[in-house]
Amino acid sequence: MLVHQETQGLFLVLYQVQYRLKMINLSVRDTEQEKDLRIAWQYKKYFGEHQQNFEYQRNGKPEYCNDFDLRKPLERHFLSGQCIDCISLQDSPNLATLNDRCSTFLAQLPRCDGNVMCAGRIAIQSFCAPQCEYSNMDWNMLSFIRSLKGMIRSSNAVAILTFPPSVVSSSFSKRLQHLADTLLSVRAIPDEDKELAKLLTGYQDMVGLLNLHKVARINTQVPVILEATTFSIKLLKRRSLVLECLNQAPVDASSGTSYATSGSCSGSSKTGTLDF
Amino acid sequence: MDRSSNLLDEALGLDDYQTKSSSVASGRVVLIEDCVETSGAFVLHHLIKRSLTPHSSGIVIFVAFAQPFSHYDRVLRKMGCNLVVQRDNKRFLFFDMLTLECPDGDGGKTNEGGLLELYGKIHEAVEICALSEDNRNCITIMIDDISLMEVAANGSSNHVLDFLHYCYTLTTQFGCLLVSLNHEDIYSSMEGPTLILQMEYLADIMIKAEPLATGLATDVHGQLTILNQGISDGLGNSRNKLRNFHFKVKENSVDYFYPGTRG
């Protein structure tokens, strides 16, 4: 399933996150957990330390950066969704149709300098699940994702892809993981696990764990080493989803539920509502 | 520019910056292996910079399946190497393969078609470069990365292997240095003669980037294991040299150090 929005970029209901990254690869065991996923990573601290990473516009050349704030809340009007488009692939014989749709959509969002007012989002759920018609066409799927990644690099857009790793081969899974710029995994925690209940505070409220394996490394060779890579997932009144850091550092022990402030991506004075 | 030698250079036989051997000995094949947890791309960046040092006349032919030119340019610029200038000077030849699709057999062409065409271009570039005596033995062919070349070839590892063998002939014919990156973890669960095994067979120098067994740390980003095969000791004997050390990747350089030598 591909969901996209033609005007104010593209948004998938499952992930209420504004990503500044190119491709997100999320392995999912329980799709129910995806609902209202709100990711709050501790990125703000990096902006102070790594200001030297920012490149400013010089001699008319485009500026860029390699530090992205994934916690930046997405304003509601971007989510109102005038034209969210869902397409089904049930009737198409191959992935060329999907590729063409993505290509047409991304062609409307060429990479440009300056303030980005519009961002595209492509979301593909359970791409390799058995019910997906192309699940036995490994190389075609990889080829499509590679092609999508190439297109995304030249446009103001993001693609989020989920796949169930348990139903694909280890080799194929690794290939997907390498193709992803940012890699997350979600897994459920077992009910009534007394051992785990002793270890984890608030175990009763947790529905699963989110792991962050890889953060995009675009325009840089330096890996991002986060203080914490595992987050617990909790549902509050079945309405909002909260991520809390499990490996909390003594000093920065605030919960990851919400952040009032937002950092901006580039060191530029032109701070946009959307960063690319 | 920082001209001090480091553990990686020493392991590759590049420890003497004052001599003209600013690049790895010509005619050799270098394989960089990495995994999801630890990228080995920084080794490629290092080798690009070494090959393009101002006091050498080396030429780099870069085949990019993984990243666009802008990415490499921005990374290398922070390291003090301007790829745009080098490209204009014809010392950095960039082949953008991000969207290369090798057509199916249905269209009358084989999967190999796209790769054959690519090899033709590389061969032509090498021939032109080799015409100049100054540049002889200083041509480096780099491929980033082989696993994506496989995807472009629609999974035909035989065609990829053929391509690599063709490139291998350039190392003997023109004394080129062949550097390629591949992801080892893709093949770790596969049985039989996998592509990476064949690549290891071809390689003279293997560089393996791995995470630390103890997990992620801010001070140590991983460890490098380098196997340098067939080093001549000057008496007609050859031996292998195995090195293992830790590294920390920074924007403008990489720190290499032996385990436990960092406070």
Heaviest contributor of heavy-atom pairs below 4.5 Å to chain A, chosen from Lys248(B), Glu150(B), Lys250(B), is Glu150(B)
Under a plain distance cut-off of 3.5 Å, with no hydrogens placed, do Asp185(B) and His178(A) share a side-chain donor-acceptor pair? yes
Side chains of His71(B) and Arg153(A): closer than 4.5 Å at any heavy-atom pair? no
Between Lys214(A) and Glu37(B), is the closest basic N to carboxylate O distance under 4.0 Å? no
OG1 of Thr220(A) to CD of Glu251(B): how many Å apart, nearest 0.5 Å? 3.5 Å
Please round to the nearest 0.5 Å and tell me the distance separating atom SG of Cys35(B) and atom NZ of Lys174(A). 7.5 Å
Identify which of Ser169(A), Ser143(A), Ser154(A) forms the greatest number of heavy-atom pairs closer than 4.5 Å to chain B. Ser143(A)
Would you confirm whether Ser171(A), through its side chain, and Ile186(B), through its main-chain N or O, come within 3.5 Å as a donor-acceptor pair? yes
Where does Leu148(B) contact chain A at under 4.5 Å (heavy atoms): side chain, backbone, both or neither? both
Does the side chain of Pro223(A) come within less than 4.5 Å of Val249(B)'s, by heavy atoms? yes
How long is the span from the CD atom in Gln221(A) to the NZ atom in Lys78(B), to the nearest 0.5 Å? 8.5 Å
So, the part of Thr218(B) with a heavy atom under 4.5 Å from chain A: the answer is both
Best-contacting candidate, Val36(B), Leu76(B), Leu98(B), against chain A by heavy atom pairs under 4.5 angstrom: Val36(B)
To the nearest 0.5 Å, what is the distance between CG (Asp73(B)) and CG (Asn219(A))? 9.5 Å
Indicate yes or no: at least one non-hydrogen side-chain atom of Asn154(B) is less than 4.5 angstrom from one of Asn140(A). yes
Heavy-atom distance under 4.5 Å to chain A: side chain of Tyr187(B), backbone, both or neither? side chain
